[in-house]
Amino acid sequence: MLKSGTQAEPYRLVGGEMKTLLGFLSVIAMDLLQLTYLHRTQPDAPAKSVLSEIQLQVLQAKVPCSSPLLTVEWAVKAIA
């Protein structure tokens, strides 16, 4: 998920910069992995179970949802 989900390969940083970037991207990769797993097992689960309120607001601004319940399936489609 780190390579495919965050596109980490193109970055050519050395030393501390690469460690900082990988630390940041690792957190994002874990969130994507958790969201992907829930999408496969519980697509109708509320998106707030894996995404923060800020993340949901950003996604809603990008891809409005007509339903009051924001699901994991909607979140995956909005991110994709």
Side-chain angles (χ1 to χ4, degrees):
M1 186 60 70
L2 187 59
K3 285 175 64 177
S4 63
T6 61
Q7 302 296 318
E9 261 187 358
Y11 299 106
R12 305 258 185 242
L13 302 174
V14 293
E17 293 87 11
M18 186 55 130
K19 286 180 184 178
T20 302
L21 178 64
L22 284 177
F24 179 72
L25 292 179
S26 295
V27 172
I28 294 170
M30 287 303 300
D31 285 345
L32 288 173
L33 190 61
Q34 182 181 19
L35 192 61
T36 301
Y37 176 76
L38 274 179
H39 182 248
R40 290 181 184 151
T41 59
Q42 302 173 8
D44 295 327
K48 67 180 178 179
S49 63
V50 282
L51 298 175
S52 70
E53 189 61 37
I54 292 287
Q55 290 168 324
L56 287 172
Q57 288 174 2
V58 169
L59 285 179
Q60 281 183 295
K62 180 183 177 240
V63 181
C65 182
S66 58
S67 172
L69 178 63
L70 303 175
T71 64
V72 168
E73 182 173 14
W74 168 82
V76 168
K77 289 179 181 177
I79 291 169

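Heavy-atom basis, side chains included; hydrogens, waters and symmetry copies ignored.
Looking at residues two or more places apart in sequence or on another chain, you find no salt bridge (charged side-chain N to carboxylate O under 4.0 Å, His left out) involving K48. The side-chain contact (heavy atoms from CB on, under 4.5 Å) search around S67 returns C65, L69, not counting sequence neighbours.
Side chains of V50 and D31 form no contact here, defined as non-hydrogen atoms less than 4.5 Å apart. Counting heavy atoms from C-beta outward, T36 and V76 have side chains that stay 4.5 Å or more apart. A heavy-atom distance below 4.5 Å is found between the side chains of L56 and W74.
Distance check: I28 CD1 to L33 CG gives 13.5 Å after rounding to the nearest 0.5 Å. In this structure, CE on M30 lies 12.0 Å from CG on L35, to the nearest 0.5 angstrom. With values rounded to the nearest 0.5 angstrom, T20 atom OG1 is found 10.5 Å from L25 atom CG.
The salt bridge (Lys or Arg N to Asp or Glu O under 4.0 Å) pairs that include a residue from residues 62-80 are E73-K77, where partners are two or more places apart or lie in different chains.
Follow the hydrophobic side-chain contacts under 4.5 Å out from L51 and you reach V63 in the same cluster.
A47 approaches T71 most closely through the heavy-atom pair CB-O, 3.5 Å.
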